[in-house]
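Accompanying notes for the structure given below.
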Amino acid sequence: MVSCMGSLWAALSFILSLILGFSLMSSAWFKNDNSSFGVFVQCSWQIRSACNQTCIVFRTLEEIPDLSWKIAAVILFSGWLLMSFGALLVLSWTVIPAGLCQRRVCSPARYTQITAVAATILGLLLYPFSLRCTFANQICGSSSEYKSGDCSLGWGYMMAIITVMLSCFLPIIGCYNLNEMKTKILRSKLTQRTLACEEHMY
């Protein structure tokens, strides 16, 4: 039976991977009055009328305007894939039988989540370097690395930052859950040995 901590680990892993994927597909990473752009999407609209948006999706790396942007996009997408894979491992752990098999899934899930968090943080740190490119300068004016010019930080970027901050707790929860599982297995073995000794005595 899955513990409360195991259920929390599974639920958070699944929810945070969904939120990160949603933020990566958002265009609201940097925005001004009539345009915004994210990692894979750029949108524009008329001033004071955000209803009629025209959006462009960067489907290939060649369509992404800058080299640092491309590198950040690859790293962020890889981080999301790893986080999703870690969530699938945790979800599969909740349905397999208890015992050693759970530990073989639990530890790789933790390491996958650690790698996903590190990759996502690296991608989030690299992405603002794309503000120096001509594409960003056309939208944000005199923007450069970590200086957004006329643009402001959008909710998509903030959501990705908050998501990766919360994701840092996933490996910790997984470690606590693994220790709890090892304790239960050890208690079960000690109980079986005690019962075996009592039966032998009688």
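Side-chain contact between Trp29 and Met158 is absent, with no heavy atoms from C-beta onward closer than 4.5 Å. Taking 4.5 Å as the limit, some side-chain heavy atom of Asn34 sits within range of a side-chain heavy atom of Asn32. The shortest distance between side-chain heavy atoms of Trp155 and Ser26 falls below 4.5 Å. At a threshold of 4.5 Å between non-hydrogen side-chain atoms, the residues Phe58 and Val41 do not count as touching. By the 4.5 Å heavy-atom criterion applied to side chains, Thr112 and Thr115 are not counted as neighbours.
Scored by the salt bridge (charged side-chain N to carboxylate O under 4.0 Å, His left out) test, Glu145 finds Arg132 as partners (sequence neighbours excluded). The disulfide (SG to SG under 2.5 Å) check on Cys133 picks up nothing, with sequence neighbours excluded.
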Using a 3.5 Å cut-off and no angle test, enumerate the donor-acceptor pairs between side-chain atoms of residues 72-84 and protein atoms at least two apart in sequence or in another chain.
| from | atom 1 | to | atom 2 | distance (Å) |
| --- | --- | --- | --- | --- |
| Ser78 | OG | Val74 | O | 2.8 |
| Trp80 | NE1 | Ser17 | O | 3.0 |
| Ser84 | OG | Trp80 | O | 2.9 |

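Gln42 and Ser36 share no side-chain donor-acceptor pair at under 3.5 Å.
The cluster map of Ile, Leu, Val, Met, Phe, Trp and Tyr, joined by side-chain heavy atoms under 4.5 Å apart, puts Leu131 and Leu67 in the same cluster. There is a path of hydrophobic side-chain contacts, each under 4.5 Å, that joins Leu126 to Leu124. Residues Tyr111 and Val117 do not share a hydrophobic cluster, defined by chaining ILVMFWY side chains whose heavy atoms lie under 4.5 Å apart.
Taking CG from Leu20 and CG from Leu16, the interatomic distance works out to 8.5 Å, rounded to the nearest 0.5 Å. Remark: Ile19 CD1 to Ser167 OG distance equals 8.5 Å, nearest 0.5 Å.
Using cut-offs of 30° and 60° for the angle between ring planes, the Tyr127 and Phe37 rings count as tilted.
Heavy-atom minimum distance, Ser23 versus Ala160: OG-CB, 3.7 Å. The two residues Gln113 and Leu170 have their closest heavy-atom pair at OE1-CB, 3.5 Å. Residue Val57 comes nearest to Glu63 through the heavy atom pair O-OE1, 3.3 Å, listed as atom of the first residue, atom of the second, then distance.
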Note to self: Using ring pair (Phe, Tyr, Trp, His ring centres under 6.0 Å), reason through Phe135 and Trp69 one step at a time and then give a plain yes or no.
What the structure shows: CA-CA 11 Å; Phe135 179 86; Trp69 192 334; 5.6 Å; yes

Next item on the list: Step by step, work out the side chain to side chain contact (heavy atoms under 4.5 Å, CB included) result for Trp9 and Leu91.
Entry: CA-CA 9 Å; Trp9 187 27; Leu91 288 174; over 6 Å; no

Check: Can Phe40 and Arg59 be said to form a side chain to side chain contact (heavy atoms under 4.5 Å, CB included), step by step?
Finding: CA-CA 7 Å; Phe40 299 107; Arg59 291 185 173 86; over 6 Å; no

Margin query: side chain to side chain contact (heavy atoms under 4.5 Å, CB included) for Ile64 and Asp66? Distances and angles first, verdict last.
Written below: CA-CA 6 Å; Ile64 296 177; Asp66 185 60; 5.8 Å; no

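Within 6.0 Å of the CZ atom in Phe85, the count of heavy atoms belonging to other residues, nucleotides or ligands does not exceed 12.
Tyr146 contributes a side-chain N or O that, together with a main-chain N or O of Leu125, makes up a donor-acceptor pair within less than 3.5 Å. At distances below 3.5 Å, at least one donor-acceptor pair connects side-chain atoms of Ser35 with backbone N or O atoms of Cys43.
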